[in-house]
Amino acid sequence: MAPLRDLFVAAAVAAVGNAAQDWDHSLFTNSPPVYPSPNMTGVEASGLSGWEAAMQKAEAFTNNLTLEEKAVMLTGAPGPCVGNIAPIPRVGFKGLCLQDGPLAVRQADYASAFPAGLSAAASWDRDLIHLRGKYIAEEFKGKGSQVFLGPVAGPLGRSGYNGRNWEGFSPDPYLTGVAMEESILGVQSVGVQANAKHWIAYEQETQRNPEEAFDPNAVPYDEQIMSVSSNLDDRTMHELYVWPFANAVRAGVASVMCSYNRINGSYACQNSKTQNGILKGELGFQGYIMSDWMGTHSGVASIEAGLDMNMPGGISFKPTLPGVPTYFGANLTEAVNNGTVPEWRVNDMVRRVMTPYFLLGQDKDFPLVDPSMGEYPSVNEFDKQDGWYDDWNKAKALGEPDVDVRANHSKLIRELGAAGIVLLKNENNTLPLKAPKRIGVFGNAAGDLTTGLYYHDKNYEYGCLPVGGGSGSARLNYVVSPLEAIKEQAKKDGTNVQYILNNTQLTTSGGFLKQIYPQPDVCLVFVKTWASEGEDRTTLHLDWDGDDVVTEVARNCSNTVVITNSGGLNVLPWADNENVTAILAAHLPGNEIGNSILDVLYGNVNPSGKLPYTIAHEVSDYDFANVTREVADPKDTNAWQADFEERLLIDYRYFDYHNLSVAFPFGHGLSYTSFELADLAITPVSNASAAGLPKAVAKAAPGGNPALWDTLYTATATVTNSGDLPGAAVPQLYVRLPAAAGEGTPLRQLRGFEKVPLEKGEQKQVRFELMRRDLSVWDVVAQEWRVPEGEFVVSVGFSSRDFRDEKTFTI
């Protein structure tokens, strides 16, 4: 193993030592082996205590199981939920119900559709993100689901084209890390297990699965076109893609889902370097690793590499899908019996699954499963004939159907939906609206949904966009459209409302001039961009000729306000049009979409959202990290390769490093009031030394070496509301590392933010803590974090390009 590790380090040094050198693909075609899979130790996580005592309960439970029952605990089964671990009545175990997804109990009735992760990140509000996680978990628990399949840190957002970026938070690892930690703390405070996904470097949907993944008998396994391989260096892996997962593990996350893609040539769910070496080793992860659905491509190899649970599996020890091998199940018991897999490894797998179960008190009075939540249609439906319902019923695991779990959650959904709306432009104080006499509403994203409330896809032309598509979507029990909300407000104000919701009519037939009279005082244009699991976007422009709609309305209306709903970033070629007086990026606000937008338009809420990504001028500006869409030889089983040649430089890091102009920078967002930020002060913490590497620890603590989380410096600044209205500011802190950090290090990196509510004229001091890892780089030779020596520059401001004060210190 040592020679291979040395080869890997040598490759990493060659690749990162001089980040300006040409990319050498050959250095990243092999992932180094790390064996065996570490046993859990029960060491405490800072975000959730009680692991050791829970592990002892899990140990006693495991010792009471037969080998076949242990296999049951590790193999997905048919059942009432998207994923199921079957009941074991002999020991009083009622099973596990795993449900999608990041923003809702996806398939359930009488459940809420919360704002997407993207909207949560745009709020930059720790408290609201935490409360979102708590309320989501309350709905999962009320439906009898022990495991919430979320939150999402992968995809991180390397490419703006990724179809699942909206499920996660931001391409900035610090912002995503904070959102992951707050979400997990909120979810698990209710007694529901969180599942951090997708581990790791899962940054495109195109060719995410091998050819014929759901029917491998159609093509012999060794002849299948394999999943795309994410090829990246060790430093990039740690400083970008591992970073937010470290926050998740530190928060005490119960489980982690491995992803579909390959990593440096090895499938994620059987990659020993990332699972054994980084997740369970460096990060000290104490929970279990589950596969994404059909993401397991081997049995013994995946188990040895750290995989603990196979989903969707097949409890009857036969394929859950016709022709699809389960890999675990009976194959697992056979592997133990013939000596291929040691039973101690199986015992550790079961302990890892059951420890969070006991830790969160799921063995005590947990609600029974609501059987009306629905099965995963393409996976479990045909298995009803096998009697799974009777098995779950006999285990007394099923409860009453149609449980209403929504409570008063609509209030938070409306509040967070508004908090995640970013005011990009507001010329002449167009907004907030003040009871205008005449309003025009335009665009196909303004009205109610016309093709149903579930699994609407990119082909639905008419209707607002509350959520994206795929497993992260939601069955909308209701939706408040923007037009509906505006009509209600108009009744109160005596406002005349005219509207055209047909984009084709607006762009090709002179619809505005033919239909609209008299001229509106303000024209509200609602445009949208669809994004979904399973497909990557093909453009960063608006869907349904949205750019042409904006241009046409602005040609006829000198006071045009544009509201975008989108599953990711958009370029906005009309942003400088003088007739476009205001722009709102409203993201995906959930089922209160219309009310959230209304609150910002009319000033019921002073906008405080900030961009969690950068909006550049042209689509070509994002070519630094594109989706891999074509290969030279489509018949080559290993042809699909995605080289992360940009290394650390994604989003604002790329634009800043290369001094490129952007339309709207990362962290940007206007308010109806104004703020000042000054008096930055940096103070070292006397009992924390920044010199050298952190000391090694006998047991890796969740989140990594505890010394990484020591505060080395504190920064304070004074923020003032200098405008005429109450509002919330979001001071942001960025750090520039010394030259010793190496070439290719980002020019500045976000390392702190706070949302601060302020009354008119009010002033508050904001405090940021700079931890060791905030000031460190990953040393590929020492395989440890290192604080580079030299001058550090600390800047505070209101975006990545709007700094109000700056200080330096030297280590």
Side-chain angles (χ1 to χ4, degrees), residues 421 423-450 461-465 479-529 542-566 570 572-586 589 593-604 607:
I421 294 174
L423 179 61
L424 298 175
K425 179 181 180 180
N426 193 25
E427 298 295 324
N428 306 317
N429 294 320
T430 294
L431 298 179
L433 300 178
K434 301 174 181 67
K437 187 174 181 180
R438 293 181 290 270
I439 288 179
V441 177
F442 303 95
N444 64 355
D448 204 352
L449 304 178
T450 62
E461 182 171 0
Y462 299 107
C464 56
L465 189 66
V479 63
V480 179
S481 73
L483 182 57
E484 178 184 352
I486 290 167
K487 284 182 175 181
E488 287 297 315
Q489 184 66 42
K491 289 178 183 178
K492 300 174 185 177
D493 296 341
T495 299
N496 172 262
V497 179
Q498 305 176 76
Y499 51 91
I500 299 175
L501 308 185
N502 187 313
N503 284 9
T504 302
Q505 180 183 354
L506 282 164
T507 57
T508 62
S509 63
F512 187 101
L513 293 177
K514 292 179 180 178
Q515 295 290 337
I516 302 302
Y517 180 82
Q519 179 82 10
D521 298 318
V522 59
C523 297
L524 306 178
V525 184
F526 290 85
V527 284
K528 63 186 176 182
T529 307
L542 297 166
D543 290 345
W544 298 105
D545 300 317
D547 291 333
D548 293 337
V549 169
V550 172
T551 301
E552 181 63 20
V553 173
R555 182 180 293 118
N556 294 281
C557 183
S558 61
N559 189 20
T560 296
V561 175
V562 182
I563 302 96
T564 68
N565 287 111
S566 178
N570 294 108
L572 309 174
W574 34 262
D576 292 330
N577 186 318
E578 64 180 2
N579 286 349
V580 175
T581 54
I583 305 171
L584 293 173
I593 175 173
N595 286 331
S596 295
I597 292 172
L598 180 92
D599 284 343
V600 173
L601 286 174
Y602 280 82
N604 302 329

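Of the possible polar contacts, one joining the Lys425 side chain to the Val580 backbone as a donor-acceptor pair under 3.5 Å is found. Here the side chain of Thr560 pairs a donor or acceptor atom with the backbone of Cys557 at under 3.5 angstrom. Proximity of a side-chain donor or acceptor of Asn428 to a complementary backbone N or O of Thr430 within less than 3.5 Å is not detected. Listed for the Lys434 side chain is a donor-acceptor partner under 3.5 Å among the backbone atoms of Pro432. The backbone N or O of Trp544 sits less than 3.5 Å from a side-chain atom of Asn503, completing a donor-acceptor pair. Between the side chain of Thr581 and the main chain of Glu427, no donor-acceptor pair closer than 3.5 Å is present. At least one donor-acceptor pair under 3.5 Å links the side chain of Arg438 to the backbone N or O of Gln519.
Here the closest heavy-atom approach between residue Val497 and residue Ala490 is recorded as CG2-CB, 3.4 Å. Across every non-hydrogen atom of Ser596 and Ile421, the tightest pair is O-CD1, 3.7 Å. Ala585 and Leu424 make their closest contact through CB-CD1, 4.2 Å (heavy atoms, listed as atom of the first residue, atom of the second, distance). Looking at every heavy atom in both residues, Leu431 comes nearest to Ala582 through CD1-CB, 3.8 Å. In terms of heavy-atom proximity, Pro436 sits nearest to Thr495 at O-OG1, 2.7 Å. What you find for Thr507 and Asp545 is that their closest heavy atoms are CG2-O, 4.4 Å.
Using a 4.5 Å heavy-atom cutoff, the side chains of Ile439 and Asp521 are not in contact. Residues Lys514 and Gln505 fail the side-chain proximity criterion, which asks for heavy atoms closer than 4.5 Å. Taking 4.5 Å as the limit, some side-chain heavy atom of Thr504 sits within range of a side-chain heavy atom of Glu461. Proximity of Ile516 to Phe442: side-chain heavy atoms (C-beta onward) are separated by under 4.5 Å at one or more points. You'll find the side chain of Gln498 reaches within 4.5 Å of the side chain of Pro518, heavy atoms only. Here the side chains of Val562 and Leu524 are not in contact, with every heavy-atom distance at 4.5 Å or above.
With rounding to the nearest 0.5 angstrom, the CG atom of Asp543 is 11.5 Å from the OG1 atom of Thr564. Between Ile486 atom CD1 and Ser481 atom OG the span is 8.5 Å, to the nearest 0.5 Å. Once rounded to the nearest 0.5 Å, the distance linking CG of Asn604 with CG of Asp599 reads 4.5 Å. Between the CG atom of Leu433 and the CG atom of Asp493 there is a distance of 9.5 Å, given to the nearest 0.5 Å. The CG atom of Leu483 sits 6.0 Å away from atom OH of Tyr499, with the distance rounded to the nearest 0.5 Å. One finds the OG1 atom of Thr529 at 9.0 Å from the CG atom of Asn565 (value rounded to the nearest 0.5 Å).
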Test log, rule side-chain contact (heavy atoms from CB on, under 4.5 Å), inputs Ile563 and Val527: CA-CA 6 Å; Ile563 302 96; Val527 284; over 6 Å; no
Verdict with reasoning, Val600 to Leu423, per side-chain contact (heavy atoms from CB on, under 4.5 Å): CA-CA 9 Å; Val600 173; Leu423 179 61; 5.8 Å; no
side-chain contact (heavy atoms from CB on, under 4.5 Å) assessment of Val561 paired with Val522: CA-CA 7 Å; Val561 175; Val522 59; 3.8 Å; yes
Trace of the side-chain contact (heavy atoms from CB on, under 4.5 Å) decision for Leu598 with Gln489: CA-CA 8 Å; Leu598 180 92; Gln489 184 66 42; 3.7 Å; yes
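The pair Glu484-Lys487 does not count as a salt bridge, with every side-chain nitrogen at least 4.0 angstrom from each carboxylate oxygen.
If you run side-chain hydrogen bond (donor to acceptor under 3.5 Å, both in side chains) between Trp574 and each of Asp548, Asp547, Thr551, only Asp547 comes through. With respect to Tyr462, the side-chain hydrogen bond (donor to acceptor under 3.5 Å, both in side chains) criterion is satisfied by exactly one of Asn502, Thr450, Asn444: Asn502.
For Lys491, the NZ atom is loosely surrounded, since the number of other residues' heavy atoms within 6.0 Å does not exceed 12.
Side-chain contact, Asn570 with Ser566: a donor N or O sits under 3.5 Å from an acceptor N or O.
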